[in-house]
Amino acid sequence: MHNSDKENQTNPPVSVDDEQNDALSALWQAQPVTTINLEEVKASLRSERTKQRWYMLVDSLAFIPAVYVLVITWEEFTFVAQAMFIFMLITALPLLVYQLWLRRVAAFSKDTQTADHLMQLTKQIKNNVKIAVITKHSTWTAVLFGCGFLLERYFYGELTPEKIVKMVIVMTSISIVMLVWYVWASKRQKCFERQLETLEKMMQQR
């Protein structure tokens, strides 16, 4: 719908995920050798559950406009372009289902399972690392698809110089957005990896 303990103690958090990461780090440092604050862990899991449910909703709804636009503009495309879009959908749909599956651990967690809260949170953060990796690599895949579509329009479409300039501007804008998205996803991956390291240390105390 992602610790370096000393660094987190001296720098202010810049996002909700960083705040949760810092909280987990502080929780880890504060733990006696044999004690885990389950209330703090439960609060982190509840926060993660809310976020994962929103992510699942957004991921699912985002797929609908793409399909709608494709359906209403289908006749405007050549056979080659249609084949490219079909391939994109065939590839994107399993990835969507897989990401929803990865989000399920926290999204459907139960408050009654007190003894398993730490384990569930650890599993979800591990899945968040996988989701961040998928998101990161989907950015350059989207750029490749855009370039392929531009080439298809160049060879099969009726392009005027004005249309070529417009398509170049659109592709450049998409590439910049994808670059920013790649950097964001990469940072989330590292953030989740630090959270996972902290949680795994806490798991060893149980």
Side-chain angles (χ1 to χ4, degrees), residues 1-60 62 92 94-142 178-206:
M1 176 314 29
H2 326 123
N3 292 356
S4 173
D5 298 332
K6 292 183 179 179
E7 180 181 348
N8 283 337
Q9 289 175 354
T10 57
N11 295 327
V14 297
S15 68
V16 174
D17 289 323
D18 287 341
E19 289 178 359
Q20 182 177 345
N21 189 36
D22 291 342
L24 289 171
S25 178
L27 176 62
W28 160 249
Q29 294 179 21
Q31 297 306 317
V33 177
T34 58
T35 303
I36 296 294
N37 190 332
L38 287 179
E39 291 303 317
E40 292 289 345
V41 174
K42 287 168 64 176
S44 296
L45 183 58
R46 284 195 296 267
S47 174
E48 191 67 26
R49 178 174 58 195
T50 301
K51 288 189 294 184
Q52 293 302 329
R53 288 179 176 180
W54 276 109
Y55 289 148
M56 292 178 77
L57 179 62
V58 171
D59 288 346
S60 300
L95 282 177
L96 171 62
V97 173
Y98 180 56
Q99 289 193 72
L100 294 178
W101 174 256
L102 290 175
R103 297 189 189 283
R104 80 196 186 284
V105 176
F108 301 108
S109 63
K110 304 295 184 181
D111 287 335
T112 55
Q113 299 173 326
T114 304
D116 295 331
H117 276 71
L118 181 58
M119 182 178 64
Q120 288 186 28
L121 183 59
T122 303
K123 286 182 178 179
Q124 185 58 62
I125 298 301
K126 186 179 296 185
N127 286 349
N128 286 352
V129 174
K130 297 178 182 178
I131 293 171
V133 170
I134 293 173
T135 302
K136 182 173 69 174
H137 290 296
S138 68
T139 57
W140 61 263
T141 304
M178 290 299 103
L179 177 60
V180 173
W181 196 0
Y182 180 93
V183 173
W184 174 78
S186 181
K187 288 183 178 180
R188 282 179 64 82
Q189 178 186 347
K190 293 177 182 179
C191 177
F192 289 136
E193 287 172 345
R194 292 194 298 269
Q195 289 185 27
L196 180 61
E197 181 182 357
T198 298
L199 289 168
E200 286 178 341
K201 288 178 181 179
M202 294 171 63
M203 286 284 290
Q204 293 174 3
Q205 290 190 4
R206 294 188 61 187

With side-chain contact (heavy atoms from CB on, under 4.5 Å) as the test, would you mind laying out the steps for Glu200 and Leu196 before giving the verdict? CA-CA 6 Å; Glu200 286 178 341; Leu196 180 61; 3.8 Å; yes
Identify the heavy atoms of Leu45 and Gln120 that sit nearest to each other, and give their distance. CD2-OE1, 3.9 Å
What closest approach, in Å, do Arg49 and Ala106 show between heavy atoms, and which atom pair accounts for it? CG-O, 3.0 Å
Set of residues satisfying side-chain hydrogen bond (donor to acceptor under 3.5 Å, both in side chains) with respect to Trp181, sequence neighbours excluded: none
For Lys136, enumerate each residue passing the side-chain hydrogen bond (donor to acceptor under 3.5 Å, both in side chains) test, keeping only those at least two apart in sequence or located in another chain. Gln189
Evaluate the criterion side-chain contact (heavy atoms from CB on, under 4.5 Å) for residue pair Cys191 and Lys187; output intermediate values, then yes/no. CA-CA 6 Å; Cys191 177; Lys187 288 183 178 180; over 6 Å; no
Quick one: does [X]'s side chain have a donor or acceptor within less than 3.5 Å of a partner on [Y]'s backbone?
X	Y	answer
Ser186	Tyr182	no
Gln124	Leu102	yes
Arg104	Trp101	yes
Trp140	His137	yes
Thr135	Ile131	yes

To the nearest 0.5 Å, what is the distance between [atom1] ([X]) and [atom2] ([Y])?
X	Y	atom1	atom2	answer
Leu100	Gln52	CG	CD	10.5 Å
Gln99	Lys130	CD	NZ	12.5 Å
Leu95	Thr141	CG	OG1	8.5 Å

For Val105, run the side chain to side chain contact (heavy atoms under 4.5 Å, CB included) check against Ile125, Leu121, Asn127, Thr122 and tell me which one passes. Asn127
Is there a donor in the side chain of Glu48 and an acceptor in the side chain of Asn128, or the other way round, less than 3.5 Å apart? yes
